[in-house]
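Some notes on the structure that comes next.
When reading the values below, keep in mind they use all heavy atoms of this one structure, side chains included, and skip hydrogens, waters and symmetry mates.
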Amino acid sequence: MVEDCFGSRRYRLACLVLSITTVGFLLVAIGIATPAYTDVAAVERIRTGQECVPGVPNASPDRRCSDEDWYRSMNNLRTSKWGLFDAGAGLAASGVTMLGFMLWSRKKAWRELSTPKSIWIVGLASAAWLLQIPAYDLFFMTELARGYYPPWSDSVVIPMSQVQDILLWLFVPYLAIWLVFVVGSRLPAKVFSNASGRPLVNAVWTGVTALLFVPVGLILVGAILEGPTMIVPLLWVVLWLLLCARSAALTRHKPARLAPT
């Protein structure tokens with residue numbers, strides 16, 4: 001296997017993906033084995049309102065602390081447990097997603113990969129967007145279970161509802177972006193193809209795709225490092241669909257007989 005890693009580009013990529021996946025699961029294991037707090041007794045005193053700052057009795061009669069003091073004290077007492085766990089889970093999710101893609105495309109060279117039909121591009125992009133709702137719901141519930149919020153804080157149902165509303169309100173504009181790429185296209189087509197003899201057209205659609213690719217990539221990096229982990233595979237799918245959408249848009253600038261390539 002080690003010798004294979006120095007072979008073809010596909011083998012080198014497979015080794016890289018396997019390494020990412022292995023590191024991810026290793027970080028998850030380290031995170032599980034790491035204690036959550038440096039001083040469990042101090043954490044309990046803050047949670048019960050006996051103290052707002054470790055070692056300083058809480059003088060408030062209602063046993064509440066200011067949110068600023070509570071978050072500062074709790075953050076100072078936390079270890080890297082959940083940071084390691086989340087980063088590991090994000091890397092593992094990325095690795096498994098990429099391994100799945102490589103298995104799906106294993107019989108084709110990269111330049112031979114084809115896009116799905118327009119309806120599949122739009123359908124998968126829509127599913128990736130809407131599936132963020134349960135992903136963020138799980139994220140907020142996980143943070144609640146980890147003790148990230150003060151006992152007197154509002155229910156996590158509020159941020160869950162806010163995220164859901166934002167995603168639903170933005171769904172139509174999001175969908176419109178994909179339609180700009182795929183309406184009138186002739187698919188399937190080669191993913192990494194260009195419109196022959198149309199350098200300006202190629203540059204324009206590549207640039208537009210890059211403008212979308214960069215923010216999605218940045219969000220992906222944040223999700224890998226800090227969560228929500230469940231949206232990591234969705235974002236990888238969106239990145240792939242953006243490449244497919246670019247190819248779809250370019251088919252409108254090709255002669256009909258050349259559209260499949």
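- Listed by chain and number, the residues in a side chain to side chain donor-acceptor pair (under 3.5 Å) with Ser94 are Trp236 (sequence neighbours excluded).
- What you find for Val96 and Thr21 is that their closest heavy atoms are N-OG1, 3.9 Å.
- Here the closest non-hydrogen pair linking Thr79 and Tyr37 is CG2-C, 3.7 Å.
- For Ala145, the side-chain contact (heavy atoms from CB on, under 4.5 Å) test picks out no residue, with sequence neighbours left out.
- To the nearest 0.5 Å, atoms CD1 (Ile219) and CD1 (Ile231) are separated by 7.5 Å.
- To the nearest 0.5 angstrom, Phe192 atom CZ is 6.0 Å from Leu113 atom CG.
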For the pair Cys244 and Phe181, evaluate side chain to side chain contact (heavy atoms under 4.5 Å, CB included) and give the outcome as yes or no after the intermediate values. CA-CA 9 Å; Cys244 294; Phe181 280 89; over 6 Å; no

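- Identified under the salt bridge (Lys or Arg N to Asp or Glu O under 4.0 Å) test for residues 77-100, with sequence neighbours left out: Asp86-Arg146.
- For Tyr174, the side chain to side chain donor-acceptor pair (under 3.5 Å) partners at least two apart in sequence or on another chain are Trp178.
- For Ser19, there are no side chain to side chain donor-acceptor pair (under 3.5 Å) partners two or more places apart in sequence or in a different chain.
- In this structure, Arg246 contributes its side chain and Ser193 its backbone to a donor-acceptor pair below 3.5 Å.
- Between the side chain of Asn202 and the main chain of Ala195, a donor-acceptor pair closer than 3.5 Å is present.
- Using a 30° and 60° split on the angle between ring planes, His253 and Trp205 fall in the tilted class, from 30° to 60°.
- Ring geometry for Trp82 versus Phe85: interplanar angle over 60°, hence perpendicular rather than tilted (30 to 60°).
- For residues 41-51, the salt bridge (Lys or Arg N to Asp or Glu O under 4.0 Å) pairs, not counting sequence neighbours, are Arg45-Glu51.
- Between the Glu143 side chain and the Phe140 main chain, no donor and acceptor come within less than 3.5 Å of each other.
- Using modelled atom types, one side-chain atom of Ser247 and one backbone atom of Lys190 make a donor-acceptor pair closer than 3.5 Å.
- Side chains of Ser66 and Glu68: no donor on one and acceptor on the other come within 3.5 Å.
- Between the side chain of Ser161 and the backbone N or O of Ile158 there is no donor-acceptor pair closer than 3.5 Å.
- At least one donor-acceptor pair under 3.5 Å links the side chain of Thr115 to the backbone N or O of Ala189.
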